[in-house]
Amino acid sequence: MTDATAVNFSSAQVLEERSPYAPPLENPLPRAVTRRNFFQLLDGEWKFDLDLEDRGIRDGWAIEHEYSDVAVWPGSVEAHLARAKVEQKENQEQAPSSAPARPWEDKVVAWYEREFSLPDRSGFPECSMFQITFGACGYETRVWLNGHALRTIEDEEVHYGEYTSFSYELPDAILQPVNRLTVRVEDSLDADLPRGKQESSIYKRGGIWYQTYTGAVRSIWLEVVERNRLRSRIGVVATVEDRFARFNVTTRIHDPGQYTVRLSVFDRDSDRASAIATSEFPLRLEAGQKQQRLPMEIPGAELWSHAEPNLYLLVAELVDGDGYSAQVQSHFGLRKVESRGCCFYLNDERLYIDGILYQPAGATYDEMRAHFDAMQRLGCNLVRVHIAGIDPRIYNLADEMGMLLWVEVPSPHRSSQQSRANHHAELLRMLSVVETHPSVCIVSLYNEDWGAQDIATNPETRRYIVDTYHFLRVSYPQFLVVDNDGWHHISWEGRLKSDLLTVHLYTPDLDRWRELLDRVVAGETEGVAAEPLIVGDPFFMRGQVPLVVSEWGGFGFQDYGGPKDAAERTARIRAFKKELRARGFAGDVYTQATDVEDERNGLIDATTGELKVAPGVLDSEGSQPA
């Protein structure tokens, strides 16, 4: 047992609301776009085994296997790995010297299994079916139902990725009154995989590199969905000048035919049944999955901003020829961000970025909510979610509280053709989640060359980043894009392939800080950060791109220096912020929000959410004492 008090957390619920179009109730599932259908959480205690010799597929574990352990879902397998490592060492010490070592150091395979009863279908529409959704799991996931291999809706036998959700439709032909669900998860220290700051075969745990987190990352649930429906993915691109929105929806069809997509927009803070705007779009749809962009004017809509986070409720329906409506809903906001000259603009108004670096690590959803509240009390208007996956409900929270987000693709740790392919796939998965949210305004492709270590010398690496930058600017114009945060930004024929020129500057010394800031503002690109700021063709800095110090501070980190006492740290941060605002920077991001493993430099208690420094210390407009 991994937890002596482990219980089964399974529950069933139908989301019911006072009005069909009222704001959704508190969302118990790790997703941002919701549907009101029946669902049953499958979290809790599962049968479990590590497969140290990777023989489970060959030996037919999905058909029959006697499990020797249990694990709680969601949860990491690392505790099981630590115990297995001790057992393996003891076994090898007792075995003959010629016995081969188990090949587990660089790869782990874990199997989970549990049973679930099929809900009574008599109350569900005839056009419905069952679906299993994983909030996140991985890195490689295979699933069987009653011994039959399943394929994802995208027709994958193996799902790759561990940061976003994926689903399996359950064929009626193999469903039973009581069903056996088997999950095989494989992960490794392969540096070509998108790892973020989890250790790899290249970067070992310690310092800024963290413990891996493998297996059941987020909740899993059974739900009822329509055979013909909209998937829970909605993108929003706004044109604020004419209060126009372009919604990206994804249809999932089993029965080809004529359908209508109906979009209705409601005031999110009222229960009124009349829509602010409604539009219908007739579509001839074939079997399978298809994306479609749908334009819609929303007269008189108020814009979303950090100061006034105005949100609206979108109800999107797929209506079949018989008039049956399959529905999803989400909130959204209209806003525009721009990199214009030296400054960052939100809805045509200049905004200085008062940011903080945030690494959620193993924080629970409730802990992350407390962290966001604390970061707002620090005076931040932006949170940089540092190369990590995050519970999608946090995006909703940021939308509601008016907190801008800067998100990053979890980076591989090696530059190769395979790592770039993995990076691009992870980027697309991330975009399918974040494109709904007005709070998400900046997307970073890489950070400090991690996964692009040859960016200065390899034209192929630079070409991939440039092409991806262009792809995002055309397909996702609602985001600003940073090519490689911190340094080594790409100049292509003198054109910067980044919407912000970012620099990481670390020093605890105030005089050195002033010197570095002056040199960056003066246009110096070498000798100010750990690496040159520009690679590729020559680039001449003349105030045509916003300058952002996207990492600084870190006061209290071991072997780095700076004040550890709360009062002294508050004073030092205020002094450093004052120097930033005295120069022509567009914003800054302090490192960091909470302590994470060896990085003991957080301003917030990771468990309680209490501040370790004075409130408002990162608010550049109001942090200076009178």
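Any value given below was found using the heavy atoms of this structure, including those in side chains, with hydrogens, waters and symmetry copies removed.
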Rounded to the nearest 0.5 angstrom, the CD-CD distance for E223 and Q131 is 4.5 Å

Q. Could E140 and R184 be called an ion pair, given the rule that one side-chain N must be under 4.0 Å from one carboxylate O?
A. no

| said: Any salt bridge linking K577 with D619? Criterion: basic side-chain nitrogen under 4.0 Å from a carboxylate oxygen. | reply: no

Exercise. Parallel, tilted or perpendicular: which describes the rings of Y160 and Y139, with under 30° parallel and over 60° perpendicular?
Worked result: tilted

Rounded to the nearest 0.5 Å, the OG atom of S305 sits from the CG atom of L346 at a distance of 6.0 Å

Looking at side-chain heavy atoms only, is the closest gap between Y395 and V433 below 4.5 Å? yes

- Message: Quick check on the 6.0 Å ring-centre criterion: do F585 and Y352 meet it?
- Response: no

Exercise for review: Would you sort out whether H386 and Y358 count as a ring-ring contact (aromatic ring centres under 6.0 Å, His included), showing the intermediate values?
Suggested key: CA-CA 6 Å; H386 192 34; Y358 179 54; over 10 Å; no

Between V549 and the options L505, L516, V520, the side-chain contact (heavy atoms from CB on, under 4.5 Å) test singles out L505

From the list Y469, F479, F344, side-chain contact (heavy atoms from CB on, under 4.5 Å) partner of D499 resolves to Y469

Trace of the ring-ring contact (aromatic ring centres under 6.0 Å, His included) decision for H423 with Y464:
CA-CA 10 Å; H423 178 275; Y464 165 72; 5.7 Å; yes

Is the shortest side-chain N to carboxylate O distance from D54 to K107 below 4.0 Å?
yes

Assess whether side-chain hydrogen bond (donor to acceptor under 3.5 Å, both in side chains) is satisfied between D449 and N484, documenting all intermediate values.
CA-CA 7 Å; D449 305 345; N484 179 44; 2.6 Å; yes

Plane angle bin for W552 and Y590 - parallel if under 30°, tilted between 30 and 60°, otherwise perpendicular = perpendicular

With no hydrogens and no angle check, is any side-chain donor or acceptor of N422 less than 3.5 Å from a backbone partner on D192? yes

Measuring only between side-chain heavy atoms, which start at C-beta, is L311 closer than 4.5 Å to F332? no

Checklist entry - Between W221 and R31, does a side-chain contact (heavy atoms from CB on, under 4.5 Å) hold up when you go through it step by step? => result CA-CA 11 Å; W221 61 94; R31 62 182 177 188; 3.7 Å; yes

- request: State whether D595 and K612 are salt-bridged, where the test is any N-O pair (Lys NZ or Arg NE/NH1/NH2 against Asp/Glu carboxylate O) under 4.0 Å.
  value: yes

Exercise for review: Quick one: do D373 and R377 satisfy salt bridge (charged side-chain N to carboxylate O under 4.0 Å, His left out)? Show the steps, please.
Suggested key: CA-CA 6 Å; D373 177 70; R377 285 186 282 122; 3.1 Å; yes

Does a side-chain heavy-atom distance below 4.5 Å link V528 with L533? yes

*Candidate pair V535 and H489, rule side-chain contact (heavy atoms from CB on, under 4.5 Å), full reasoning*: CA-CA 6 Å; V535 295; H489 297 284; over 6 Å; no

Electrostatic pair E156:R151 at N-O distance under 4.0 angstrom: no

Passes salt bridge (charged side-chain N to carboxylate O under 4.0 Å, His left out), D190 versus R414? Steps please. CA-CA 9 Å; D190 185 352; R414 175 169 51 215; 3.1 Å; yes

Correct closest heavy-atom pair for P360 and M368 would be CB-SD, 3.8 Å

Closest non-hydrogen atoms of V237 and P477, given as atom of the first, atom of the second and distance, are CG1-CG, 3.8 Å

Q | Any E597 side-chain heavy atom under 4.5 Å of R205 side chain | A | yes

Under-4.0 Å salt bridge between E460 and R463: no

**OP:** Please step through side-chain hydrogen bond (donor to acceptor under 3.5 Å, both in side chains) for the pair T461 and S415, ending with a clear verdict.
**Re:** CA-CA 8 Å; T461 298; S415 181; 3.3 Å; yes

Worksheet item: Are P615 and L611 close enough that some pair of their side-chain heavy atoms sits under 4.5 Å apart?
Response: yes

Might you work through the side-chain contact (heavy atoms from CB on, under 4.5 Å) test for I490 and V466, ending with a clear yes or no? CA-CA 8 Å; I490 298 174; V466 169; 3.8 Å; yes

One thing to verify: whether E599 and K197 come together as a salt bridge, which I'm taking to mean a side-chain N less than 4.0 angstrom from a carboxylate O. yes

Whether the side chain of N347 engages the backbone of K336 through a donor-acceptor N/O pair (distance < 3.5 Å, no angle test) should be reported. yes

Return yes if some donor-acceptor pair links the side-chain N/O of D605 with the main-chain N/O of E610 below 3.5 Å, else return no.
-> no

Q: With the side chain counted from C-beta on, respond yes when E448 and E551 share a heavy-atom pair under 4.5 Å apart, and no when they do not.
A: yes

- [ ] Check whether any side-chain heavy atom of L472 lies under 4.5 Å from a side-chain heavy atom of V474, and answer yes or no.
- [x] no

Discussion item. Check whether Y365 forms a cation-pi arrangement with R393 (NZ or CZ under 6.0 Å from the six-membered ring centre, at most 45° off the ring normal).
Written reply: yes

Check: Okay, side chain of S444, backbone of Y446: is any donor-acceptor separation there less than 3.5 Å?
Finding: no

(message) Measuring only between side-chain heavy atoms, which start at C-beta, is P194 closer than 4.5 Å to H413?
(response) no

Whether the side chain of W304 engages the backbone of D399 through a donor-acceptor N/O pair (distance < 3.5 Å, no angle test) should be reported.
yes

**Prompt:** Hey, are R384 and E408 close enough for a salt bridge, meaning a charged N less than 4.0 Å from a carboxylate O?
**Reply:** yes

- Query: Can you list the steps and then say if D43 with I220 is a side-chain contact (heavy atoms from CB on, under 4.5 Å)?
  - Reply: CA-CA 6 Å; D43 292 351; I220 177 175; 3.9 Å; yes

Rounded to the nearest 0.5 Å, the OG atom of S219 sits from the CG atom of L41 at a distance of 5.5 Å

CE (M403) and CE (M375) are apart, to the nearest 0.5 Å, by 6.0 Å

dist T591:OG1 -> I208:CD1 (nearest 0.5 Å) comes out at 10.5 Å

d(D483 CG, I455 CD1) to nearest 0.5 Å is 6.0 Å

(request) Report the relative orientation of the aromatic rings in F576 and W513; use parallel for angles under 30°, tilted for 30 to 60°, perpendicular for over 60°. (result) parallel

**Request:** Decide yes or no on ring-ring contact (aromatic ring centres under 6.0 Å, His included) for Y168 and H159, but give the supporting numbers first.
**Result:** CA-CA 10 Å; Y168 298 84; H159 174 78; 7.9 Å; no

Aromatic ring proximity W46/W111, centre distance under 6.0 Å
no

task: Measure centre to centre between the rings of Y112 and W73, then say whether the value is under 6.0 Å.
output: yes

Carefully, step by step, assess Q289 and R231 under the rule side-chain hydrogen bond (donor to acceptor under 3.5 Å, both in side chains). CA-CA 9 Å; Q289 184 167 286; R231 296 204 64 191; 2.9 Å; yes

ask   = Should the pair R429-E435 be classified as a salt bridge under the 4.0 Å nitrogen-to-oxygen rule?
value = no

